Number of protein chains: 2
Amino acid sequence: MSGGELKLVEVDEPDDHDYRLQEQVGFILRKAHQRHVSIFASQIGDLTPPQFAALAKLHDVGETSQNQLGTLIAMDAATVKGVIDRLKARGLVDLTKHEVDKRRLLVNLTPEGREAIERLIPLARAITQETLAPLTAKEAATFMRLLAKLA
Amino acid sequence: MSGGELKLVEVDEPDDHDYRLQEQVGFILRKAHQRHVSIFASQIGDLTPPQFAALAKLHDVGETSQNQLGTLIAMDAATVKGVIDRLKARGLVDLTKHEVDKRRLLVNLTPEGREAIERLIPLARAITQETLAPLTAKEAATFMRLLAKLA
DNA sequence: TCAAATTCATTCGTATGCAAATGATATCAA
DNA sequence: TTGATATCATTTGCATACGAATGAATTTGA
């Protein structure tokens with residue numbers, strides 16, 4: 001040891017070894033989303049969350065164009081097309097051309113689609129509850145408030 | 001009006017009209033995740049969050065099997081294979097067979113992979129910051145604590 | 001020891017999710 | 001009016017994401 005020297009070091013400049021993937025918001029967000037999708041699948045096996053969202057929104061607002069529906073449920077045009085195509089193939093929605101604006105494709109619930117979404121809404125409530133189950137009621141309220149600010 | 005009758009109704013049993021998709025945790029979780037991925041892409045254009053996660057974890061723990069890596073970054077075997085294949089195609093990782101256990105495929109960072117992840121970690125810190133920017137420091141801490149309980 | 005169970009990796013099929021390009025239609029503005 | 005813009009939908013290509021089936025190798029347990 002040649003002892004006695006002092007070194008200046010940047011103590012608050014984190015180096016690479018400080019980066020902990022497991023603590024990053026993006027990583028945990030992805031895991032939380034995975035868990036929710038898994039809970040969803042266990043309660044509603046024959047419909048995906050995006051498909052459910054499309055039906056629920058149609059039930060809420062009635063007839064809309066495919067693009068408009070996409071905006072309402074936060075899906076881009078390409079994604080919503082796939083979702084609607086699959087719902088149509090199962091007879092849960094039907095598609096008609098807009099009489100005036102020939103660019104638009106109008107989406108409607110079929111009677112089967114309406115029956116399905118009304119039957120599934122109680123299950124969706126249970127899914128929300130189960131997803132939030134690790135939190136107390138107060139924590140859940142706080143979490144939802146903060147999550148909404150991030151989204 | 002034949003007036004005067006009373007009806008029993010379930011006032012605390014919510015009907016279907018009460019279901020608001022936009023307020024469900026799953027829907028908002030999906031949107032928050034979308035926003036994060038978008039922020040990530042704006043800061044790190046040539047790597048996806050899963051690819052980054054794989055490199056960051058390899059940097060952290062060193063050589064591991066493909067399956068083990070998947071466990072560490074919360075990806076199933078099929079998904080992690082695709083991610084690793086693409087990283088290998090870009091020369092950021094290399095793959096070798098385990099000498100003893102011939103089932104295992106060992107994954108390692110290449111020098112290029114190490115250079116890349118060390119260069120990107122500061123950007124990843126910025127991504128985390130920007131994702132949490134809508135919250136105050138105190139809110140962010142609370143949010144992270146609750147999110148971790150959900151994930 | 002050896003048959004059963006487990007683990008690791010791969011493949012297939014299906015479903016988001018988004019960027020970019022394209023075509024048809026509608027709207028705006030000079 | 002018409003040329004530039006904007007909107008709606010579609011298509012292609014790429015990247016997760018996961019269930020299920022399969023095959024190879026290892027571990028377990030009777």
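Within every chain, numbering begins at 1; the chains are lettered A, B, ... in the order of the sequence lines, protein sequences first and strands thereafter. For clarity, every value in this text was computed on a predicted model and none was experimentally measured.
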Can you say whether the rings of B:F52 and A:Y19 are parallel (under 30°), tilted (30 to 60°) or perpendicular (over 60°)? perpendicular
B:T48 side-chain N/O to D:dT16 phosphate OP1/OP2 under 4.0 Å: yes
Among the nucleotides C:dC8, C:dT25, C:dG17, whichever has the atom closest to the side chain of A:R103 is C:dT25
Is the shortest distance from a Lys or Arg side-chain nitrogen in A:R90 or A:E112 to a carboxylate oxygen in the other one below 4.0 Å? no
Expected list for residues 78-100 of chain A near DNA chain C, using heavy atoms below 4.0 Å, is A:A78, A:T79, A:V83, A:R86, A:V100
May I ask you to evaluate whether A:Q68 reaches the phosphate of D:dT7, defined as a side-chain N or O under 4.0 Å from OP1 or OP2? no
Counting only side-chain heavy atoms from C-beta out, which of D:dA9, C:dT10, C:dC8 sits nearest to A:S65? D:dA9
Exam field: side chain B:Q22 to backbone A:L72, donor-acceptor pair closer than 3.5 Å: yes
Of all of residues 21-44 of chain B, which get a heavy atom below 4.0 angstrom from DNA chain C, listed by number? B:R30, B:Q34
Taking A:Q24 for its side chain and A:R20 for its backbone only, find out whether a donor-acceptor pair lies under 3.5 Å. yes
Plane angle bin for A:H33 and B:H33 - parallel if under 30°, tilted between 30 and 60°, otherwise perpendicular: parallel
Closest to the B:Q66 side chain: D:dA15, C:dA9, D:dA9? C:dA9
Classify the nucleic acid contact of A:D76 as base, sugar-phosphate or nothing, counting any heavy atom under 4.0 Å across all strands shown. base
Under 4.0 Å between a Lys/Arg side-chain N and an Asp/Glu carboxylate O for B:D85 and B:K88? no
